[in-house]
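Note sheet for the following structure.
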Amino acid sequence: MSKKFHKNQENSNGFQPVPPKPNFPEIEHRILEFWEKSKHFEKLRAKNKGKKKFSFLDGPITANNPMGVHHAWGRTYKDLFQRFYAMLGYDQRYQNGFDCQGLWVEVEVERELDFKSKRDIEQFGIDKFVEKCKERVLKYSAIQTKQSIRLGQWMDWDNSYYTMSDENNYTIWYFLKKCYEHGWIYKGTDVMPWCARCGTALSEHEIVTEGYRELTHPGLYLRFPIIGKEKEYLFVWTTTPWTLTSNVAAAVHPEIIYVKVKKDDAIYYLAKSRLPILFEKPYEVLAEIPGKELVGLTYQGPFDELEAQAGVIHRVVAWDEVSETDGSGIVHIAPGCGKEDFELGKIENLAVIAPLDENGYFLPKFNWLTGKNVKEVNEAIFKDLERKRILHKVEDYTHRYPVCWRCDSELVFRLVDEWFIKMDELRFQIMESAKQVRWIPEFGLERELDWLTNMQDWCISKKRYWGLALPIYQCNCGHFEVIGGKEELKSKAVEGWDKFEGHTPHRPWIDEVKIKCPKCGAKTQRIPEVGNPWLDAGIVPFSTTRYLTDNKYWQAWFPFDFITECFPGQFRNWFYAILAMSTVLEGKTPFRTLLGHALVKDEKGEDMHKSAGNVIWIEEAAEKMGADVMRWIFIGQNPTINLNFGYTVARETTRKLLTLWNVYSFFITYARIDKPQIGTDKPQMSTDKTLSVLDRWIISRLNSMIKLVRERLMDYDPVPTIREIERFIDDMSLWYVRRNRRRFWKSEDDKDKLTGYHTLYECLMKLVKLIAPYMPFLAEELYQNLVVSVDKKQPESVHLCDYPDSDTTLIDNKLEAEVALVRELVSLGHAAREKAKIKVRQPLSKATVFAPKTNDNKLLEPYINVIKDELNVKEIELLEVDREAPQVAKYSIEIDTRLTPELENEGFSRELVHKVQNLRKEAGFEVTDRIRLYYKTSSRLETAIQAFKSYIQNEILATELLEADREVPQADLTKDLRINGEPAKLTLSKIRR
RNA sequence: GGGCCUGUAGCUCAGUUGGUUAGAGCAUCCCGCUGAUAACGGGAAGGUGAGUGGUUCGAUUCCACUCAGGCCCA
C-alpha cells in the first residue's frame with residue numbers, strides 16, 4: 001500500500017489543524033471567552049424557554065472562603081445534570097445560591113479584626129460589625145462565582161440568591177409564625193454545649209464529627225465524706241474540675257457490685273471491678289454491696305462553702321448510665337454543667353447550679369472563684385481540694401472532647417435559655433415527607449429517618465449578631481408573640497419604625513422597633529437572639545420561588561425535581577431543614593430526587609483543611625490539570641465513597657482523554673488531506689452496503705453507548721456512563737482506527753474510504769455531543785472544528801445541540817460479541833508469539849485456532865483476514881475440538897514457528913522498512929517526501945532486499961534502492977546498524993525538486 | 001450500646017434477576033509497535049473475594065454471626 005498524499009494541504013475543507021497534544025487550560029480559557037462573547041448561555045435559555053421544566057434547587061454554599069476542589073464535586077453534578085436536561089430541551093431556572101448569615105462568617109470577620117470576644121464586637125459597634133459581615137459575604141460570593149465559571153458551570157450568575165436577602169428573612173418569619181400558631185415555639189432551659197469564646201450555644205446540628213478532638217485532661221480522684229459515718233468516703237472521679245463547684249449528687253449503678261474497702265485508716269466505697277486498678281495493696285475489703293443499697297446516702301460536697309451551694313443536700317442516686325470502664329463507678333453529678341446530668345436531675349429532682357456566664361466566667365455566689373475564667377481555675381481548684389483533704393490523686397486522662405467547630409475552643413456545658421421548635425408532632429410528618437423522596441444512594445432514607453427518630457427539639461436561637469432576626473417579641477409579663485412579616489411588624493410597631501425603615505432586617509436596626517404586648521399593653525422588644533443558620537438555608541425552596549409574592553411562579557417550579565449535595569452532615573442540616581420547613585408550610589417534600597455524594601480527600605486520604613495546608617483550590621487544579629479533567633474524575637467516582645483527589649489520579653485521567661484527542665487529531669489530519677465531503681454525502685448507516693464489518697461494528701458500539709448513557713443519566717447514575725464512554729474511546733482508537741488506518745492512506749478517493757470518513761465522523765460528532773455535559777470545554781473545542789468549521793448551518797455551540805439519541809436498529813449485539821471474540825483470539829495469538837519469543841514483525845506461515853465444536857464457527861470467517869493481519873501469519877487454520885472439561889478455555893491458538901527462507905526474507909524486509917521509517921523521521925523528512933535509499937550489507941540481507949524490493953520501495957517512498965559502497969551524493973543521513981542481526985549501512989537522500 | 005456504610009490484586013477501584021477461567025487503571029517485570037508518536041500496544045506476575053456458618057446443583061453476589069475500618073446517634 002502506498003501513501004500518496006495530496007500536495008496542497010492548505011486548501012482544506014474547513015477543518016483546522018490540531019496540535020498533537022491538547023493544552024486543557026489553554027482551551028478552556030479560549031472557550032470561556034468564546035461563550036462569553038457569543039452569549040451561548042443566554043441563547044440556550046431562550047431556546048428552551050417555555051418548554052417542559054426541569055426544576056433544580058441549588059443548596060446554598062457558605063460565601064465565606066474560596067472554594068477548594070472538595071466543593072467542585074457537587075458543582076460538577078449540578079452542572080452535568082442541568083446541561084444534560086438543557087440538551088434534552090428542558091426549561092430551567094439556573095439559580096445559584098449563597099449562604100450568608102451565621103457564626104462562621106462572624107468568626108472570620110472577628111479574625112480579620114483581631115477580636116477575642118463578644119465584648120470586642122459590642123465596643124466596635126454591632127452595626128459596623130454586621131456591615132463587615134455583609135461585605136465579606138459579597139466579596140467571597142464574587143470569588144466563588146468566578147471559580148464556578150472557571151469550572152465550566154453555567155448558571156444565571158446575576159440572579160444568585162443570598163440568604164441574607166429581605167425575602168429570605170421575611171419568609172422565615174412567615175414560617176416561624178406558622179410554627180407559633182401551632183404552638184410549637186417555646187423558650188426552654190437546657191444544658192447546651194457552649195463556646196465561651198463565641199459566647200453561644202452550639203446546636204445539636206453543629207456538634208459534628210470534626211467538633212471532637214483527642215484531648216488530655218486531668219482526671220481527678222476525690223473522696224467525698226459520707227455524712228454520719230466517721231472516716232468513710234465515696235470514691236469519685238471526674239475530668240472537669242470546675243464542675244465540682246456545682247456538684248449536687250453522686251450516681252451509682254444500681255446493679256453493679258461496689259466494695260467497702262479499708263485502706264490505711266480510711267474506708268472507701270467504689271466499684272468492685274475498679275478496685276485492683278485504682279488501689280494498691282495492702283487494703284482490706286470489708287463488704288460487697290450492690291449499688292442500689294448505697295442510694296440515699298448523703299455526703300459532704302466538695303464546695304459546700306460556696307454561697308451557691310447553700311442549702312443543697314448531696315445524695316447518692318441510682319443511674320443506669322454509670323459505667324465501670326472509666327473512673328471509680330461513682331459519678332459526680334452537676335446538673336448545671338452536663339446534659340446527661342441535667343436529664344438525671346430532672347428525674348431525681350436535684351438542685352441545678354449554673355456556675356458560668358456566657359463568656360466562661362464564674363458568676364457571683366461562687367466566692368473566690370467569681371469573676372475567674374473557667375480555663376484558668378484548674379490549679380487553684382486542685383490546691384483548694386488538697387487543702388480540704390478531698391483530692392486523692394490527679395492523673396492525665398485522654399479522651400474525645402468537643403470543641404467549637406468554628407474557632408476550635410474547648411466547649412463547656414452551660415445551662416441556658418434558648419428558643420426551640422417542638423418536634424413531637426412534626427417529627428412523624430417530616431418522616432412521611434422524607435419517604436416521598438427518591439434517595440440516591442438508597443440508604444440515605446434510613447439515615448434521614450434515623451436522624452429524625454433521634455433528634456430533639458430544634459434549637460433555633462443563637463446569642464450572636466449576624467443572622468436572621470428572630471421575630472419573637474417577649475414581654476416582661478411572660479407573654480410572647482411571633483411576627484410573620486414586615487407589614488405585620490409595621491402595623492404593630494409603636495416605636496422605632498422610622499429608625500428601622502430603609503435597613504435590612506438585621507441587628508441592630510431591627511431592634512429599634514417596639515410593639516405593644518397584647519396581654520398587658522407594655523412596650524415589648526424583640527429578643528436579642530439571632531436565628532440558627534439552617535433556618536436560612538431551609539427556607540430557600542420557598543423564598544427563591546416567590547412563595548409569598550407570586551403563587552403562579554411558585555407552583556411552576558415547586559417541588560423541585562432534583563437536588564444534589566454532599567451527604568455527611570446534611571442529613572441533619574440542609575436536608576433536614578428543607579424537609580422540616582416544607583412539611584410545615586406545605587405538608588410535603590420540597591424535592592423529588594436527591595443525589596448525595598461523599599467527601600473529597602487528598603491523595604493520601606486525609607481531610608482537606610485550610611489549616612492542614614492540603615486544600616487544592618479550584619483555580620489551581622483548573623490551571624494545572626484542566627477543569628474538564630477534574631469534572632471527568634468527579635463524575636466517574638462512586639458517590640458513596642470518598643474520593644482521594646490529586647495530581648496522580650489526574651494524570652491517569654488525562655491519558656484516557658488523550659486517546660480521544662488522538663482519534664480526533666487522526667481524523668482531522670487525514671480529512672484535511674483528503675477533503676471528504678462531510679455532511680453532504682452521508683451514507684445511510686442502516687442500509688449502505690459499502691459499510692464494512694468494522695464500520696457496522698463501531699456504529700453499533702456508538703449506539704449502544706448512547707443508549708446506555710441516556711438511560712443512566714436519566715436515572716442520576718453517571719458512573720457507568722464514564723466507563724462506557726471510556727470503553728468506546730478505546731474501541732475507537734485501539735480497534736477501529738488502528739484496523740482502518742491504511743484505509744485512510746489510500747490515494748484513491750473511493751467509496752470505501754469515504755465511508756470510513758463518514759463512519760468515524762459520525763462517531764466523533766455524536767460522542768462530542770454526548771460528552772458535552774461532562775466536559776463542556778473539550779466538547780466545544782472539538783465541536784467547533786468537527787462541525788461548525790464545515791457546516792455553518794449547525795448550532796453555533798455544542799451546548800445548543802440536541803442530546804444524541806440512539807438508533808437501536810443499528811445496535812447489533814451479535815456483531816459486538818463477535819468482534820470481542822476476535823480481539824480475544826488476537827490476544828491469545830500474541831501471547832503464543834510472546835511465548836515462542838517471535839516478534840510480530842516476523843511473518844509466520846500458520847496459526848491454528850482450536851474452537852469448541854458446539855459453537856457456530858462460521859462466524860469467524862469474515863474476520864480471518866483481520867486475525868491473519870494482526871498476528872502476521874499467512875494462514876489461519878480453524879479446528880473444531882471436542883472439549884468436555886468445562887474448565888478448559890473455549891478457544892486456544894497455536895502458532896507454527898517454523899521459518900522458511902521466504903518468511904525470513906519477508907522478516908528482513910519488514911525490519912528494514914521499520915528502521916528506514918525511523919531514519920526518515922530522524923532526518924526530518926515530511927511524510928510525503930520521496931527518497932533514494934543507498935545500502936551496503938551482507939549477502940543474506942541483500943537477497944531479502946531483492947526479493948521484496950517493490951514492497952520496500954512502496955513503504956518507504958523510495959524511488960530507487962541502490963547498492964553503494966562509495967560516498968553518496970546529496971546524502972541526508974547515513975547510519976550503520978543491524979537488521980535482524982545482519983550489518984547494514986544505510987544512506988537516505990531526499991529527492992529535491 | 002443502637003443505626004448506616006465499607007471490606008475484591010501491592011495501590012485506586014469496577015463488577016445485579018446467584019452460573020464456565022472474578023475484571024480495569026496505576027505500579028512491577030518482560031516484549032513489541034512506531035507517520036495518532038514526549039504517544040501506544042501485547043504478555044507475565046499478582047486473589048483463601050475480611051472470617052465463620054447457612055440457603056442452593058452452584059455464592060464475590062442472598063441470609064446470619066464475627067472481625068476490621070468509616071460515619072451517625074446515645
Side-chain angles (χ1 to χ4, degrees), chain A residues 3 5 18 20-21 204 207-210 320-321 323 325 339-340 343 441-456 567-572 596 598-599 601 603-605 633 636-638 640-646 648-649 651-653 655-656 658-670 719-720 722-724 726-727 730 732-735 737-738 741-742 744-745 823 826-842 852 870-872 883 885-890 910 913-915 917-918 920-921 925-929 955-957:
Chain A
K3 289 173 260 178
F5 291 93
V18 171
K21 247 184 106 173
E204 241 187 296
I207 307 285
V208 285
T209 338
E210 307 95 72
D320 287 340
E321 302 294 312
S323 93
T325 51
K339 208 167 181 67
E340 296 81 11
E343 293 303 317
E442 278 177 21
F443 64 75
L445 175 61
E446 282 171 271
R447 289 266 184 98
E448 189 64 43
L449 292 178
D450 187 49
W451 162 253
L452 290 169
T453 307
N454 290 305
M455 69 172 182
Q456 299 179 15
F567 253 166
Q570 299 303 343
F571 291 104
R572 54 184 177 185
L599 298 165
K601 307 272 183 163
E603 250 170 347
K604 287 179 237 149
I633 294 170
Q637 174 72 10
N638 180 337
T640 62
I641 294 174
N642 289 343
L643 168 61
N644 296 348
F645 186 92
T648 312
V649 78
R651 264 193 297 279
E652 282 177 33
T653 305
R655 273 215 287 277
K656 287 175 194 161
L658 207 52
T659 308
L660 168 59
W661 186 270
N662 284 337
V663 175
Y664 160 67
S665 161
F666 173 87
F667 175 84
I668 295 289
T669 303
Y670 287 95
V719 177
I722 293 277
R723 289 178 205 295
E724 178 72 357
E726 285 180 354
R727 193 160 76 94
D730 262 8
M732 213 167 38
S733 168
L734 295 183
W735 199 250
V737 169
R738 197 163 59 79
R741 211 151 30 173
R742 293 199 169 230
F744 292 96
W745 289 347
R823 293 175 71 176
V826 168
S827 177
L828 285 170
H830 282 143
R833 271 186 170 271
E834 169 83 16
K835 212 169 174 185
K837 294 279 169 209
I838 300 174
K839 56 181 161 190
V840 181
R841 208 153 33 209
Q842 173 62 57
E870 284 284 320
L871 296 182
N872 197 12
R883 291 182 193 275
Q887 70 270 24
V888 175
K890 266 185 175 173
R910 297 270 303 250
V913 166
H914 165 55
K915 299 282 191 200
Q917 299 289 27
N918 281 342
R920 282 181 60 107
K921 201 157 44 160
F925 295 165
E926 292 297 318
V927 181
T928 49
D929 285 338
E955 286 295 316
I956 65 174
L957 298 190

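We name chains A, B, ... by the order of the sequence lines, and we start the count at 1 in each one. Fair warning: this is a prediction, and the values are worked out from it, not measured in the lab.
The gap from the P atom of B/G51 to that of B/U8 amounts to 10 Å, rounded to the nearest Å. Comparing the C1' positions of B/G7 and B/U48 gives a spacing of 15 Å, expressed to the nearest Å. Nucleotides B/C13 and B/A9, compared at atom P, are 11 Å apart to the nearest Å. Rounded to the nearest Å, the gap between the P atom of B/A24 and that of B/A44 is 10 Å. B/A64 and B/G25 have their P atoms separated by 36 Å, given to the nearest Å. Nucleotides B/C33 and B/C71 are separated by 49 Å at their C1' atoms, to the nearest Å. Atom P of B/U6 sits at a distance of 23 Å from the matching atom of B/A74, rounded to the whole Å. Here, B/U28 and B/G35 have their P atoms 26 Å apart, quoted to the whole Å.
Ring orientation note: the planes of A/F666 and A/Y670 are tilted relative to one another, at an angle of 30° to 60°.
Here the P atom of nucleotide B/G42 and the CZ atom of A/R823 are 8 Å apart, to the nearest Å. One atom, CD of A/Q637, and another, C1' of B/G25, lie 14 Å apart when rounded to the nearest Å. When the C1' atom of B/A36 is taken as reference, atom NZ of A/K656 falls 20 Å away, rounded to whole Å. Across the protein-nucleic acid pair, A/L871 atom CG and B/C31 atom P stand 21 Å apart, rounded to whole Å. What separates NZ of A/K21 from P of B/A36 is a distance of 17 Å, to the nearest Å. Following rounding to the nearest Å, A/E724 (CD) and B/A24 (C1') show an atom-to-atom distance of 14 Å. Between the NZ atom of A/K601 and the P atom of B/C11 there is a distance of 19 Å, given to the nearest Å. Rounded to whole angstrom, the span from the CG atom of A/N872 across to the P atom of B/U34 amounts to 10 Å.
Under the 4.5 Å side-chain criterion, counting only non-hydrogen atoms from C-beta, A/N872 is not in contact with A/Q842. Looking only at side-chain heavy atoms (C-beta outward), A/W661 and A/V18 come within less than 4.5 Å of each other.
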Salt bridge (charged side-chain N to carboxylate O under 4.0 Å, His left out) assessment of A/R727 paired with A/E724: CA-CA 5 Å; A/R727 193 160 76 94; A/E724 178 72 357; 3.6 Å; yes

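Rounded to the nearest 0.5 angstrom, A/R447 CZ and A/Q570 CD are separated by 13.0 Å. Rounded to the nearest 0.5 angstrom, A/I641 CD1 and A/L599 CG are separated by 12.5 Å. Here A/M732 contributes atom CE and A/N662 contributes atom CG; the two are 10.5 Å apart, rounded to the nearest 0.5 Å. Note that CG of A/D730 is 11.0 Å distant from CG of A/L660, once rounded to the nearest 0.5 Å. We find the CD-OG1 distance between A/E448 and A/T453 to be 10.0 Å, quoted to the nearest 0.5 Å.
For A/N644, the listed nucleotide lying nearest its side chain is B/U12; candidates were B/U12, B/A36, B/G3. Comparing B/U34, B/C26, B/A36 by their closest approach to the side chain of A/H914 singles out B/U34. Distances were taken from every side-chain heavy atom of A/Q456 (C-beta onward) to each of B/A74, B/G3, B/C4; the shortest belongs to B/A74. Checked against B/G2, B/C13, B/C4, the side chain of A/E446 finds its nearest nucleotide in B/C4. Among the nucleotides B/A14, B/G2, B/A36, the one closest to any side-chain atom of A/N662 is B/A36.
Partners of A/R651 according to the salt bridge (charged side-chain N to carboxylate O under 4.0 Å, His left out) rule, which considers only residues two or more places apart in sequence or in another chain, do not exist here.
The residue among A/P720 and A/L658 whose nearest nucleotide of RNA chain B lies closer to the 5′ end is A/P720. Nearest-nucleotide positions on RNA chain B for A/T659 and A/E652 put A/E652 closer to the 5' end.
When heavy atoms are screened at a 4.0 angstrom cut-off, A/S733 is found touching base atoms of the nucleic acid. Residue-level contact check: A/R651 touches neither bases nor backbone, having no heavy atom under 4.0 Å from any strand. Nucleic acid contact for A/R447: base, since at least one base atom lies under 4.0 Å from a heavy atom of the residue. Across all strands, A/V663 comes closer than 4.0 Å to base atoms (heavy-atom distances). Using a 4.0 Å heavy-atom cutoff across all strands shown, A/V737 reaches at least one base atom of the nucleic acid. Using a 4.0 Å heavy-atom distance criterion, A/L449 is classed as making no nucleic acid contact.
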Pairing of RNA chain B as dot-bracket, 5' to 3': ( ) intra-strand, [ ] crossing, | other strand, . unpaired, with Watson-Crick or G-U pairs under 3.5 Å? (((((((..((((.....[...)))).(((((.......))))).....(((((..]....)))))))))))).

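OP1 or OP2 of B/A36 sits under 4.0 Å from a side-chain N or O of A/Y670. Here A/N638 reaches the OP1 or OP2 of B/A14: one of its side-chain N or O atoms lies under 4.0 Å away.
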